[in-house]
Amino acid sequence: LASPKLAAVYQLRDNISLRALAGQAFRAPSIAERFFQKEISGNTSFVPNPALKAERMNSFELGARAQFGRWFETDAAYFHYRYRDMIYWIALPQEIGQFEPIFQVRNLNRALMQGFEAGVNFYWQPRLHVRAAYTYLDAKDRSENRADDLLAYRIRHALNFGASWRASKYEMSFDGRYNGRVEEVFLYPNNEPEAYVLLNAKATARFIKGFAFSASCNNLLNTKYEEL
């Protein structure tokens with residue numbers, strides 16, 4: 001399978017550019033997705049599917065970028081991904097006397113993921129840099145025999161942000177992210193990961209030429225969260 005891509009950029013003004021991208025891509029199933037049978041710790045069974053096919057995707061994106069002097073820049077984009085034969089976990093009906101959940105990896109007929117991204121960067125001289133980026137994702141199962149419209153383990157709202165400050169021999173920075181609540185899961189139903197905010201910080205000092213001393217602290221808020 002081929003993965004062609006086409007991109008175009010138009011310089012509307014000296015400080016504003018527009019872009020468009022289109023392409024096709026594919027992903028072959030992994031060995032685990034085709035032949036996995038048992039999760040020991042979770043007591044969950046899986047039915048192998050050696051006939052699993054590669055998923056294919058048609059993508060399209062429109063975006064714009066603008067810069068205002070040396071102190072502010074922004075970027076925004078709309079993306080649209082259409083999937084055929086998306087590789088996806090499906091819950092199978094349990095047989096009589098079977099209490100553990102059972103799943104199989106199959107190809108969805110159709111799926112759609114679309115949304116937009118927006119980001120800003122603010123600079124004050126060479127000392128201060130503040131940034132933020134937000135992503136909205138609408139992920140839907142479009143198969144005819146679907147149980148519902150939602151795709152599992154997709155985060156609808158995500159925000160990344162950070163700031164850094166530099167003066168002489170010292171530098172301080174922090175970064176963080178907000179991930180919205182996961183609305184759909186296939187393992188452990190009714191146990192969807194909740195929204196969370198994660199903050200990290202770092203300080204660096206350069207007292208001796210050629211050496212840097214730093215201290216950092218991750219998860220300042222002691223947040224309980226799940227990585228997906």
Side-chain angles (χ1 to χ4, degrees), residues 1-7 21-61 77 79-95 98-117 133 135-158 160 177-196 198 218-219 224-228:
L1 295 176
S3 298
K5 292 180 174 62
L6 181 66
L21 299 90
Q24 294 180 334
F26 74 95
R27 183 177 77 85
S30 66
I31 296 296
E33 288 169 331
R34 295 178 65 193
F35 298 106
F36 193 57
Q37 296 188 52
K38 186 76 173 180
E39 182 193 32
I40 303 300
S41 61
N43 198 31
T44 302
S45 296
F46 298 85
V47 176
N49 186 2
L52 197 63
K53 298 183 293 185
E55 66 179 25
R56 292 172 290 171
M57 179 190 70
N58 294 327
S59 63
F60 180 74
E61 179 179 324
F79 57 88
H80 184 99
Y81 305 146
R82 285 191 174 273
Y83 288 85
R84 293 187 63 185
D85 298 324
M86 172 181 269
I87 298 172
Y88 197 73
W89 300 87
I90 301 293
L92 301 180
Q94 292 180 329
E95 298 179 358
Q98 181 182 9
F99 299 101
E100 63 184 20
I102 184 167
F103 296 88
Q104 186 178 48
V105 184
R106 295 183 179 178
N107 293 107
L108 293 184
N109 186 27
R110 294 284 189 276
L112 172 64
M113 296 174 63
Q114 63 180 341
F116 65 87
E117 300 172 324
T135 300
Y136 171 81
L137 174 64
D138 181 31
K140 296 292 179 65
D141 181 359
R142 294 302 189 198
S143 301
E144 293 181 358
N145 58 345
R146 61 186 181 270
D148 58 43
D149 289 341
L150 296 177
L151 289 176
Y153 299 103
R154 267 62 175 190
I155 297 172
R156 187 179 296 270
H157 303 282
N160 290 277
R177 72 174 185 261
Y178 165 81
N179 277 359
R181 179 178 180 271
V182 174
E183 301 175 30
E184 179 93 350
V185 298
F186 59 80
L187 288 174
Y188 315 115
N190 303 317
N191 192 26
E192 293 85 355
E194 295 293 333
Y196 67 88
L198 188 67
N218 295 330
N219 197 4
K224 294 182 180 180
Y225 65 99
E226 297 181 45
E227 289 280 9
L228 299 177

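Values in this document were obtained by computation on a predicted structure and should not be read as measured data.
Between V185 and P193, the shortest heavy-atom contact is CG1-CD, 3.9 Å. Smallest separation of non-hydrogen atoms from D85 and E55: O-CB, 3.0 Å. The two residues Y196 and K224 come nearest to each other via the heavy atoms CB-O, 4.5 Å. Residues F26 and S3 come closest through the heavy atom pair CD2-OG, 3.5 Å. Across all non-hydrogen atoms, the minimal contact from R34 to P50 is NH2-O, 2.9 Å. N49 and V105 make their closest contact through ND2-O, 2.8 Å (heavy atoms, listed as atom of the first residue, atom of the second, distance).
Rounded to the nearest 0.5 angstrom, E192 CD and Y153 OH are separated by 8.5 Å. Note that the CG atom of L112 and the OH atom of Y83 stand 10.0 Å from one another [nearest 0.5 Å]. Expressed to the nearest 0.5 Å, how far CZ of F103 lies from OH of Y88 amounts to 10.5 Å. Here the CD-CH2 distance, from Q104 to W89, works out to 10.0 Å after rounding to the nearest 0.5 Å. To the nearest 0.5 Å, atoms CD1 (I87) and CD (E33) are separated by 5.0 Å.
Applying the side-chain contact (heavy atoms from CB on, under 4.5 Å) rule to E194 yields the partners R181; only residues at least two apart in sequence or on another chain are considered. With sequence neighbours excluded, the residues satisfying ring-ring contact (aromatic ring centres under 6.0 Å, His included) with Y136 are F116, H157.
R110 places a side-chain heavy atom less than 4.5 Å from the side chain of R84. Within the 4.5 Å cutoff, side-chain heavy atoms of I90 are placed close to those of L108. Counting only heavy atoms from C-beta outward, the side chains of L6 and L21 never approach each other to under 4.5 Å. Two residues are said to be in side-chain contact when any heavy atoms from C-beta on lie closer than 4.5 Å; M86 and L151 meet this criterion. For the pair N109 and R142, the minimum side-chain heavy-atom distance is 4.5 Å or more. Between Y225 and N179 there is no side-chain heavy-atom pair separated by less than 4.5 Å. In this structure the side chain of K140 reaches within 4.5 angstrom of the side chain of L150, judged on heavy atoms.
Proximity of a side-chain donor or acceptor of Y81 to a complementary backbone N or O of A111 within less than 3.5 Å is not detected.
The residue from R156, Q114, M113 that alone fulfils the side chain to side chain contact (heavy atoms under 4.5 Å, CB included) condition with L137 is M113.
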